[in-house]
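What's counted below: heavy atoms across the whole structure, side chains too, no hydrogens, waters or symmetry copies.
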Amino acid sequence: MYGNMYGNENGPQQTQPPQPNPPKKPVSSTAVIIALIAGISAIICVSIFSGCFAKYKKYSSGNGITVTGSASCDFESDLIVWRGSFSSYGTTPKMAYQSIKNDAEVVKRYLMDNGLSENEISFSSVSISQRWITEYNEEGNVIGEYLDGYDLNQSVTVTSENVDKVDSISKDITKLIESNIEFESYSPEYYYTKLDELKLDLIEQATANAKTRADIVASGTGAKTTRLLSANLGVFQITAQNSDSEYSYGGAFDTGSKNKTATVTVKLNYATD
C-alpha cells in the first residue's frame, strides 16, 4: 500500500527542477556584413556572367549575317616576255662555238632591226652536248661508237613594255629561218606591272560590295548590321578575258593572254540588332 503511494519501497522519487535554456549568443555585426557582401557578390557575378554569355552569343563569329562580296575588272598587260632558242653544230668545239656565236649575232641584229633596244634582249649561256654515232653489224649488234661532232644550244629572252611589237615579232621569224638559223619560238608571256595596285583596289570594291549586300539582307528582315565579327579574303583569280577558264581553289594566274580579267571575293560576317 505504501509502496504504491510513494512509487517504490525505497522511498519517495525526487523530481528534478527544470533547467533554464542557455542564453543565445548575439550575432556579430561583422558576420552579417560578410554574408551580405557574399550574397551581393554572387548576384553581381551571375549578372556579369549572364551578360557576357549573352554578348558572346550575339557577337560570336557565325552568328548574325554572313555575305560574300565580289569585284572584278578587265585590264591589258603592259609587259611581255618572249623566249626563243637556237642551235648549231660543229665537228669540233671551236667550230660549233663560232657557229652559234654567229647565229646569236644574227638573232640580235634581227630583233634590233625590228625596233627593240639592246637592254631588252638577253642571251643565256651556251649548252653543249656531244653527238655520237653508233655502228651496227649485219646482225644488228653494236660494233662501235664514234664521236661525230658537237651540238650547241642557246636561248634568247626579250622583256619589253612594247607588247604589240614583241607579240608581232614572236609570230614571224621567217627571216631567221631564211638565214639558216634553227630558231624555235615559244609562246609569249604577258604580265601587268601595276598588279599590286589593282589588287588593292579590287579588295576595296569587294569589301564595299559585301557591306552593301549585308545591309540589304538585314533591312529585308527588319534588322540592321552593327559590329563586324569576321572578314575573310578570297584568292585572286586572274584569267584570260572572255574565256571559259575555270577558277582554281588556290587562285589562277594566266600569263598566256594579253587581255585579262581579275576577280576577288571578300566574305564578311556582321552582328545584327
Inset, instruction - Could you tell me which non-hydrogen atom of Thr265 sits nearest to which non-hydrogen atom of Ser70, and how far apart they are? - result: CG2-CB, 4.0 Å

Inset, instruction - Any chance you could lay out the side chain to side chain contact (heavy atoms under 4.5 Å, CB included) test for Val81 and Val158, step after step, and finish with the verdict? - result: CA-CA 6 Å; Val81 178; Val158 174; over 6 Å; no

Legend entry - Heavy atoms from other residues, nucleotides or ligands near NZ of Lys199 exceed 12 (cutoff 6.0 Å): yes

Inset, instruction - State the CD1-OG distance between Ile238 and Ser77, to the nearest 0.5 angstrom. - result: 9.5 Å

Inset, instruction - Please check if any side-chain donor atom of Thr261 sits under 3.5 Å from a side-chain acceptor atom of Gln241, or the reverse. - result: no

Inset, instruction - Please report the closest heavy-atom contact between Thr272 and Ala223, naming both atoms and the distance. - result: CB-CB, 4.3 Å

Inset, instruction - Treat each ILVMFWY residue as a node, draw an edge where side-chain heavy atoms are under 4.5 Å apart, and state whether Phe236 and Leu195 are in one component. - result: yes

Legend entry - Crowding at CD, Glu118 (>12 non-hydrogen neighbours, <6.0 Å): no

Legend entry - Gln154 side, atom CD; Phe123 side, atom CZ - distance, nearest 0.5 Å: 6.5 Å

Inset, instruction - Is it possible for you to say whether Tyr247 and Phe253 belong to one hydrophobic cluster, with membership spreading through side-chain heavy-atom contacts below 4.5 Å? - result: no

Inset, instruction - Could you grab the distance from atom CG of Asn259 to atom CG of Asp74, nearest 0.5 Å is fine? - result: 8.0 Å

Legend entry - Pair Ser160-Asn162, side-chain donor/acceptor within less than 3.5 Å: no

Inset, instruction - Compare all side-chain heavy atoms of Thr66 with those of Lys267 and state whether any distance is below 4.5 angstrom. - result: yes

Legend entry - Atom of Ala210, atom of Val67 and distance for their closest heavy-atom approach: O-CG2, 3.1 Å

Inset, instruction - Working to the nearest 0.5 Å, report the span between OG of Ser170 and NZ of Lys165. - result: 13.5 Å

Legend entry - Tyr270/Leu229 under side chain to side chain contact (heavy atoms under 4.5 Å, CB included): CA gap, chis, key distance, verdict: CA-CA 5 Å; Tyr270 281 97; Leu229 302 178; 5.9 Å; no

Legend entry - Closest non-hydrogen atom pair between Ala252 and Gln237, with its separation: N-OE1, 3.0 Å

Inset, instruction - With the side chain counted from C-beta on, respond yes when Asp254 and Tyr190 share a heavy-atom pair under 4.5 Å apart, and no when they do not. - result: no

Legend entry - Any donor-acceptor N or O pair under 3.5 Å, side chains Ser155, Ser124: yes

Legend entry - Single-linkage hydrophobic cluster Leu147~Tyr97, side-chain heavy atoms < 4.5 angstrom: yes

Legend entry - All ring pair (Phe, Tyr, Trp, His ring centres under 6.0 Å) counterparts of Tyr110, not counting sequence neighbours: none

Legend entry - Tyr146: hydrophobic cluster co-members (side-chain, 4.5 Å): Ile133

Inset, instruction - To the nearest 0.5 Å, tell me how far Arg83 CZ sits from Tyr186 OH. - result: 10.5 Å

Inset, instruction - Measure from the ring center of Tyr192 to the ring center of Phe75 and say whether it is less than 6.0 Å. - result: yes

Inset, instruction - Verify whether one side chain among Gln205 and Asp201 offers a donor that lies under 3.5 Å from an acceptor in the other. - result: yes

Inset, instruction - Give, for atom NZ of Lys258 and atom CD1 of Ile80, the distance between the pair rounded to the nearest 0.5 Å. - result: 8.0 Å

Inset, instruction - For the residue pair Glu182 and Ser87, confirm or rule out a side-chain donor-acceptor distance under 3.5 Å. - result: yes

Inset, instruction - Could you tell me whether the side chain of Asn269 reaches within less than 4.5 Å of the side chain of Ile65, counting heavy atoms only? - result: no

Inset, instruction - Please report the C-alpha distance between Lys175 and Asp113 in whole Å, then the side-chain angles of each, then the deciding distance to 0.1 Å, and finally whether the salt bridge (Lys or Arg N to Asp or Glu O under 4.0 Å) criterion is met. - result: CA-CA 12 Å; Lys175 289 186 178 180; Asp113 288 345; over 6 Å; no

Inset, instruction - With the side chain counted from C-beta on, respond yes when Leu198 and Cys73 share a heavy-atom pair under 4.5 Å apart, and no when they do not. - result: yes

Inset, instruction - Return the minimal non-hydrogen interatomic distance between Ala71 and Leu202, and the atom names on each side. - result: CB-O, 3.6 Å

Inset, instruction - Please check if Tyr89 and Ile181 belong to a single hydrophobic cluster, counting links between Ile, Leu, Val, Met, Phe, Trp and Tyr side chain heavy atoms closer than 4.5 Å. - result: no

Inset, instruction - Using only heavy-atom distances, determine whether the side chains of Thr207 and Glu204 contain a donor-acceptor pair under 3.5 Å. - result: no

Inset, instruction - Determine whether Leu152 and Phe86 make a side-chain contact, defined as any pair of heavy atoms from C-beta on separated by less than 4.5 Å. - result: no

Legend entry - Test log, rule salt bridge (Lys or Arg N to Asp or Glu O under 4.0 Å), inputs Asp273 and Lys224: CA-CA 6 Å; Asp273 281 341; Lys224 66 176 182 178; 5.5 Å; no

Inset, instruction - State whether Lys260 and Glu76 are salt-bridged, where the test is any N-O pair (Lys NZ or Arg NE/NH1/NH2 against Asp/Glu carboxylate O) under 4.0 Å. - result: no

Legend entry - Hydrophobic cluster membership, Ile177 vs Ile100, 4.5 Å side-chain cutoff: yes

Legend entry - pair Ile169-Leu116: side-chain heavy atoms closer than 4.5 Å: yes

Legend entry - From CA spacing to verdict: side chain to side chain contact (heavy atoms under 4.5 Å, CB included), Lys94, Gln98: CA-CA 6 Å; Lys94 183 177 180 180; Gln98 186 59 49; 5.7 Å; no

Legend entry - Any side-chain heavy-atom pair of Leu228 and Lys211 under 4.5 Å: no

Inset, instruction - Could you pull out the closest heavy-atom pair between Ser88 and Ser99, with the gap in Å? - result: CB-OG, 3.3 Å

Inset, instruction - Flag the pair Asp148 / Trp132 as yes when at least one side-chain heavy-atom distance between them is below 4.5 Å, and no otherwise. - result: no

Inset, instruction - Check step by step if side chain to side chain contact (heavy atoms under 4.5 Å, CB included) holds for Trp82 and Leu111. - result: CA-CA 12 Å; Trp82 171 56; Leu111 296 175; 3.7 Å; yes

Inset, instruction - Ignoring hydrogens and angles, tell me if any N or O in the side chain of Ser168 forms a donor-acceptor pair with the backbone of Asp164 under 3.5 Å. - result: no

